[in-house]
J.: 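I have a structure here, written as C-alpha cells, and I will follow up with some questions on it.
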Amino acid sequence: MIETPAIDYGALSPIIALVAGICVVLLVGLIGPRGRRGLSSALTLATLAAAAGLLVWQLGEPDADLVAGALRSDGLSITIGLIVVAAAALVVPLQLRDPAAEEAGFGETHTLLLGSVLGMLLLAEAQNLISFFVALELLSIPLYVLCGSHRSRSRSLESGLKYLIVGSIGSATLLYGSAFIYGGSGGATDFTAIAQGIGADLADDPLVLIGIALVAVGLAFKVSIAPFHQWTPDVYEGAPTPITAFMAVATKAAAFAVFARFFITALGPSADQWQPALAALAAVTIVVGNVGALGQDSLKRLLGYSGVAQAGYMLTGLLLGTVKGIDALVFYLAAYMLINMAAFAVIAVRERETAYGDDITAVQGIGKDRPALAWSLTISMLALAGLPGTAGFIGKLFLIEAAVAGNYTWLGVFIVVGSMISLVYYLRVVAAIWMRPAPRLAPAMAGASTEAAGEPGLPRRTGEPGRTPSGAPSGGRCWLVLGAILAATAATVAFGIVPSPLIDFSAHAGEGLASMLGPG
Amino acid sequence: MEQVAFFAGAIGALGGAIAVIALRNPFYSVLALVVHLFSLAGLFLLLHAEFVAAAQVVVYAGAVMVLYVFVAAYVGGVEEPLWDAIPGQRILAPLIGAALFIELSIAVLGSGLKSLGDEGEVIPAGFGSPEAVGRLLLERFLIPFEAASLLLLIAAVGAVVLAARRPAPVDRGGAA
Amino acid sequence: MLVAIFAIPVAVGLIGFLLPARIVGWWATLGALASLALAVVLVAGFDATGGVLRDVVDESWIPQLGVRFQLGVDGLSVFLVLLTSLLWAAAVLWSALQAPDRPRNYFFMLGLAQTATLGCFLAQDLLLFVLCFDLMLVPLYFLVGAWGTGDRIRATIKMIVYTLVGSLLMLVGAIATAVLSADATGGITFSLEVLRRFPLADGTQYWIFCFFAAAFLVKMPAVVVHGWVVDAYRSCPLPVLILLGGVLSKVAAYGFLRIVIPVFPDASIHFQELLLIIGLASILYGSAMAFTRTGLRDIVAFSSIAQMGFITLGIFSLSGAGGDGSVLQMVNHALVVAPIFLIIALLAERTGTEDIRAMGGMAKRAPVLAALFIVVTMALLAIPGSANFVGELFILKGVFETKVAIALIASSGIAFAAFYALRMYQRTMHNPLPEGADSRELTLREGVVLVPLVACIVALALYPGLITTRGQDSVDRSLASLCEDPYGIAGEPAAVVEADCPPGIEPEPAPEAVAGRGGFDAWTGYGPAAAAGVAP
Amino acid sequence: MGTTWYLVLSALLFAIGAGGVLVRRSPLVILLCLELMLNSANLALLAFGRNLGNADAQVFAMIVMVVAACEVVVGLGLIVAMYRRRIPLDVDEARELRG
C-alpha cells in the first residue's frame, strides 16, 4: 500500500494558493476573449496577494519540514518567497501595456509568470536534491518562454533561446554535480542527510569536491557570477523589459536562497574547501561586472552588468556562512528588489514613450519634464551605487559588517572598490537625466505609426490621459505603473533612513538557517 | 556476459554521442542521438533500473525524438549560429572537453569512497521495478512528482505561446 | 535642539517642493535663518568647561548593526556648527537673490547638503559621521553638475570619484573599527566615546588610519590628492563654492580631531611626521601656485590648499596649542573664503571675467567694496591683529614644541600668503580700470550678504578668545587619548608619566566608576548614569 | 562490472556533450548536446544508485527525463518561432544580437 506522507497544509498553503491561481488564470485566459488584460492581471495580483498573505502568516509559525522532507518552510524560504512575490506583483502592472504580453496573450503570460514564481517558492524551500532540481527547472522554463514571448522581435526570440541554452547548460552541470554529491555522500538526497553522509571523513574526497564545484558552476550560471555571466547582458537586453526586471530580481533571490541553503547546510562539512573558492569568485565577479558596465549605452545591458557586480556582493554574504552573512544577503536582496524594479520600470515606461528603446538617450533630460520618473531613476542609481540615504547603503553596510566579522575584511574592501568603479556608470545615467538636454528631435518610430504613442520624444503634460488606439499597445501614462515606481522608490529611501524593519525581516532568514543547522 | 553487454552498450552510447556532435546534418545527429539513447537504456537495464530503461525507450527515444525529427525536417539543415564565434573556439572546445573528462575521471578514480570498484551493495528484490519507483514517487518524492507534472503543464503552455500561429502585431521598436 | 538644527534644513527643502517656484528661495532663506538663529542660541548658552559633550541626543537607530543616532556638541564642533549655519544662510540668501532655475530642486539640494554637513559636525556615532560625510557628496554632485558652469560634468565626476574613493574606504575602516573592537566593547558599537576608550592593536590601527586619512586628506584637500579641486572650483556655482571652500573642507580637518586622533592614537603618533610633511607640502605648493595663477578662483583654490596645510600642521603637531590654533583657523579660513567668493562674483559681474589680468581699478568708484575687500585680504594674509594671525601663531607654537624644522619652514608660508593676497587685491582694485569694466558700488542686495560676513571677521579679530577658550578643553580631551593608557582601563589607576603625553596635555583622570564596559553615559556626563551621580 | 567503469563512461559522455555545446553552432544540435549532458548525469546517478543499493537515484532519473522533455519542447518551440519569423523577412536580421 502507498503510505501517503504527512502533509502540513498550513505550511504548504502559499504553494497551494499559487497552484490554484495558475489553474484559474490559465482557464480564464483560455476561455475569455483575447486581450482581457484587466481580468487576468487582477486574478494574478489576487493570487500573489493570497500567497503573500499566507507567507506572512507562516512567518509566525514554527519552522517545519514538509512532505517527507522534500521542502522546508522556515525564515529563509519565507523571506525570499515574499521578495519574489513582491517582485512579481510589481511586474504585473508593468505588463499591462507591454507589447510582448499583448502578443503572447495575457492569460498565458500570467500563467507562465505565476509558474516561475511557484518554482522560486519551491526552490527557496527545497531541501532535497530532487526537489531542488525540479524547482530550478520550474523557475527557469517559464522564464525562457517569457524571454522569447515577444515573438515579433527577433531579439526577444534570440534572447529566449540563448537563455534556454545557457540555463540548460547550468542545469545539466548542476545535475551532474548533484549526482556526484549523491554518490559521494552515500546515497543521500536530503540536505541534512548529505551533511551527515559527507561528515568529516569525506569532506575533501575528490568525488565530493568535484560535485561541489559542478553545483557551484551550475548555480553561478543562474545568478550570473563571473566567469559564467556572459549571457546576462545579452539576455537582459533582448527580453521584454518587465521580464528582464523580474528575471534580474526574483531569479537571483530564489537562486541565492537555495545556494545558501545547499552550501551552508548540506555542504557545511566542506566549508573550508569552498569558502576560499567562492571568495575568489566573488572578487572576480565584482570587478568584471563593474568594469563591464562602464561603456554601456543600453540601460538594460548596463543593469545587466551591474547585476553581475551585485551578485558578487551578495555572494560575499553567502560564503561567510554566518547568520549575519545570510541576514545581510537577504537584506541586500530585498533592497535590490525595490531598487531594480523601480529602475527597470522607468526604463520600460521610457521605452514605450520614446523611440530610443532602452538607450541612455531615452532618459536624457527627463529631469525637467518628468520629475517623478527622473527622481525614481536617480534614487535607484544612487542606491545601486550604495550612497547613503538609500537602502542600498544600508545593504552594503550590512554586508561589509558581516564580511569583517567573518574574517573576510578584504572582500569588504573589494565591495567598496567595486562601488567606486560603479559610480562612474551610475552617475553617467544620473548626469544624463539632470544635466543633459533632452534629445531635440526624436527619430521616427520604427514600425508603423498607428501605434506610436503620442508624440515620441515630446513630453506631454502629466495628467493628460494617454491616447489608446483600440487594442494597440499604448505608451500612455499608466497610473498603476507610476504608482508602483513611486512606491518602490519611496521604500528604497524609507528603508535607507529607517532600516530596522527590513533588517528584522531579513533576520528571519538567518534564524531559519540556523535552526536547520542546529541540533534539532 | 555482463561485461560484453556493458561494452556493447558503452560503445553504442559513445559512438552515438560522437556522431551527434560530428555529423554535419542535424537530421543525422538526431538519429545518432536515438542510437545513443537506446544504448543507454541497455546500460540502465544492467544497472537494475528496469523502469527507467523502459521510460527511456518509450518516452525519450520514442516521443521526444519524434519531436526532434519533425523539427529537424521542418527547419532543415541550416547552421544558423546564435553567437559570434570566439576566435579559436573550435580548437579550444575539444581541449576544454578533454580537460573536463580528465578531471572527472581523476575525481572518480581518486575517490576514497568504499566499493566504487566492485558491484556494490546487494540489492533487494524488486529494485528498480515500476512498483518500487512508483512507491517512492508517491511517498517520499511526492512534491517533486507533483512539481514535475506542473512543469509539463507550464511547458505545454510555453510551447503554445511560442509556436502558435497568430497574426503577429507589427515589430515595435525592435530595430531601434 | 540639536535634532532641530540637524533636521530643519532638509525639512525646509522638502516642504519647498510643495510651494510655488517663485517663493521657494525666500522660504529656504527663512529656513536657513531659523537654523542660524538656533545655532546662535546654541553657542550663546554653551558651557565649555571640561570639554565634554553637551545637548546630547542618543536614540536607537539601527540596533541590529550597532548604529545609534547620537548627536552632541562640544568645544570642537560648536563653532563649526555656527559657521555652517552662517555660511549657509549667506549662500541661500545670495542664491535667492539670483533666482536659479529649477529652484525647488536647487534649494532642496542646498538643504540636504546643510543637513549632511551639520550631521558630520554633530555626529557622535562613527557610522553616522561616515554616512553624513558620504551624503554631503550627493547634493554637491547635483549642485555642481546641474547648476555649474563650464565643463561641469567632467568636473563633478572627477570630484565624486576622488572624494568617494576616500570616503568609501573610510566606511570599511569604520566598520572594521567597530567589529574588531566588538570583543572589548561588548557588542558592536560605533559610539565614538566608547571606541576611543578601547583602542585597537597597533597594526590594525595603522591600516584603518590610512583609510581615514585618505578620506580626509582628499576632502581637505591636501597636496598629492588635490587633483579635483581646481576643476571643481571652476565649475561650481558661487553660492555653492562658498560652502565647498568654506565649510566642507573643514569637515575633514574636524574629522581628524574628532575621530582619528582619539580613536587611533597609536597610529596618529606613528604617522605624525608623514602628515606634518603633507601639511608642509600643501602650504608650500598651494602658496606657490596661488602666486602664479591669474584666475581668481584658482588663486583661492590654491590658497585654500595652503591654509588647510596649516590646519593639518596644527592638528598633527599633536599638541594643545596646535589643536586650538587649528580649530580657530578653521573658523577663520571659512569666514575669509566666503566673502572672497562673493566679491569674486561681484567683480566677475562688473568686469565680465574672473582673470585678474583683465581687472583693475575697481576701488575707484566703489570705496565700500574696496574697504570690505581690504579687510578680507588682511585677514587672509594673517596680519597681526587679525584672528588668522592668532590662529597661525598658535599652530606654529604647537609645531615648534614638537618639530622645530617643520615649524621654521612653515613660517615662510605666512610670508607667501602676504604675497598672493596682496597681489590679488592690488590687481583687482588698484591699477587702471580696463575698458568695458564697470566700477560700481555695492548694491543694497549684495551688501546684505557681504557686510555681515565681513563684520564677523572683524568681530573675531577683536576677540579670538571666543573660540579658543571654548575649544581648549575639548581639544585637550581629544588629545588625551595619546597618553599611555589614559583611562586606566588596564586595571591600574591612570598613573601616567607626564612624558607620555603630548606637550600641554594632562592625562584625563580616570572616572570614579566606569560602569561596566561601554559606559558611554558615564563618560559624557549625561544619560541615566550621569543622572545617578556616577559621572566624574 | 565495477561502478567505476560506468562513472568513467558517464564522464566521457558529459565531456563530449559539453564539448559539443561549445563546438557546434546550430541551436538544434546544441539542444542535442544538452541531451547528452543530461543523460550522462542520469547514467552517473543510476550507477551510484546501483552501487549503493539506493533507489532514490531512479526517481531522480525519471524526473530528469521529464525536465529534459520540457526543455526540448520549449527549445524547439523557440527554434520554430525563430525559423518562422525569418521566412518573410530579410536574412541578415537574424543576427541582430551581438554575442
Side-chain angles (χ1 to χ4, degrees), chain A residues 128-131 133-134 136-138 140-145 147-149 151-169 171-190 193 207 210-211 214 230-231 233-235 237-238 301, chain D residues 3 7 10-11 14 17-18 21-22 27 30-31 33-49 51-57 59-64 66-68 70-86 89 93-99:
Chain A
N128 173 301
L129 280 179
I130 304 182
S131 34
F133 185 70
V134 186
L136 192 68
E137 289 301 315
L138 190 54
S140 310
I141 288 181
L143 279 181
Y144 304 150
V145 181
C147 281
S149 63
R151 284 182 305 151
S152 54
R153 277 174 68 229
S154 59
R155 276 165 178 244
S156 171
L157 284 173
E158 279 188 36
S159 121
L161 192 54
K162 265 189 186 185
Y163 192 28
L164 177 118
I165 288 172
V166 176
S168 304
I169 295 174
S171 305
T173 317
L174 185 131
L175 176 67
Y176 206 68
S178 318
F180 276 25
I181 287 173
Y182 167 76
S185 64
T189 52
D190 281 0
L207 212 57
I210 197 107
L214 289 172
Q230 273 100 347
W231 59 275
D234 285 353
V235 172
E237 189 190 12
R301 285 183 82 84
Chain D
T3 309
L7 291 178
S10 117
F14 188 79
V21 168
L22 291 172
I30 291 179
L31 283 187
C33 294
L34 287 171
E35 299 291 321
L36 288 181
M37 289 170 81
L38 288 176
N39 275 297
S40 69
N42 263 357
L43 183 62
L45 271 174
L46 291 175
F48 278 124
N51 184 46
L52 302 160
N54 184 316
D56 288 8
V59 176
F60 208 157
M62 292 297 298
I63 300 274
V64 171
V66 174
V67 165
C70 292
E71 274 179 6
V72 167
V73 166
V74 170
L76 291 180
L78 281 165
I79 291 175
V80 169
M82 275 178 85
Y83 180 73
R84 267 210 205 135
R85 201 195 110 77
R86 254 167 22 114
L89 290 173
E93 237 183 298
R95 286 176 55 192
E96 280 170 10
L97 212 57
R98 293 183 306 282

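Since we're looking at a predicted model, the values are computed, not measured.
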J.: Who wins among D/V59, D/V66, D/D56 for the most heavy-atom pairs under 4.5 Å with chain A?
T.: D/D56
J.: How long is the straight-line distance from CG of D/L34 back to OG of A/S171, given to the nearest 0.5 Å?
T.: 9.0 Å
J.: Is it the backbone or the side chain of D/L46 that comes under 4.5 Å from a heavy atom of chain A, or both, or neither?
T.: neither
J.: Do A/T189 and D/N54 touch side chain to side chain, with heavy atoms closer than 4.5 Å?
T.: no
J.: Side chain, backbone, both or neither: which part of A/L129 has a non-hydrogen atom closer than 4.5 Å to chain D?
T.: both
J.: In Å, rounded to the nearest 0.5 Å, how long is the span from OH of A/Y144 to SG of D/C70?
T.: 11.5 Å
J.: Please classify the contact of D/A57 with chain A as side chain, backbone, both or neither, using a heavy-atom distance under 4.5 Å.
T.: both
J.: Between D/V64 and chain A, which part of the residue has a heavy atom less than 4.5 Å away: side chain, backbone, both or neither?
T.: both
J.: Rounded to the nearest 0.5 Å, what separates atom OG in A/S168 from atom CG in D/L31?
T.: 7.5 Å
J.: Among A/I169, A/V134, A/V145, which residue has the highest count of heavy-atom pairs closer than 4.5 Å to chain D?
T.: A/I169
J.: Distance from D/L78 atom CG to A/K162 atom NZ, nearest 0.5 Å?
T.: 13.5 Å
J.: Pick one of side chain, backbone, both or neither for D/A18, based on which atoms fall under 4.5 Å of a heavy atom in chain A.
T.: neither
J.: Where does A/F133 contact chain D at under 4.5 Å (heavy atoms): side chain, backbone, both or neither?
T.: side chain
J.: Considering only heavy atoms, which portion of D/I63 lies under 4.5 Å from any heavy atom of chain A: side chain, backbone, both, or neither?
T.: side chain
J.: Over 60° means perpendicular and under 30° means parallel, so tell me whether D/F14 and A/Y176 are parallel, tilted or perpendicular.
T.: parallel
J.: Could you grab the distance from atom CG of A/L157 to atom CD1 of D/I79, nearest 0.5 Å is fine?
T.: 11.0 Å
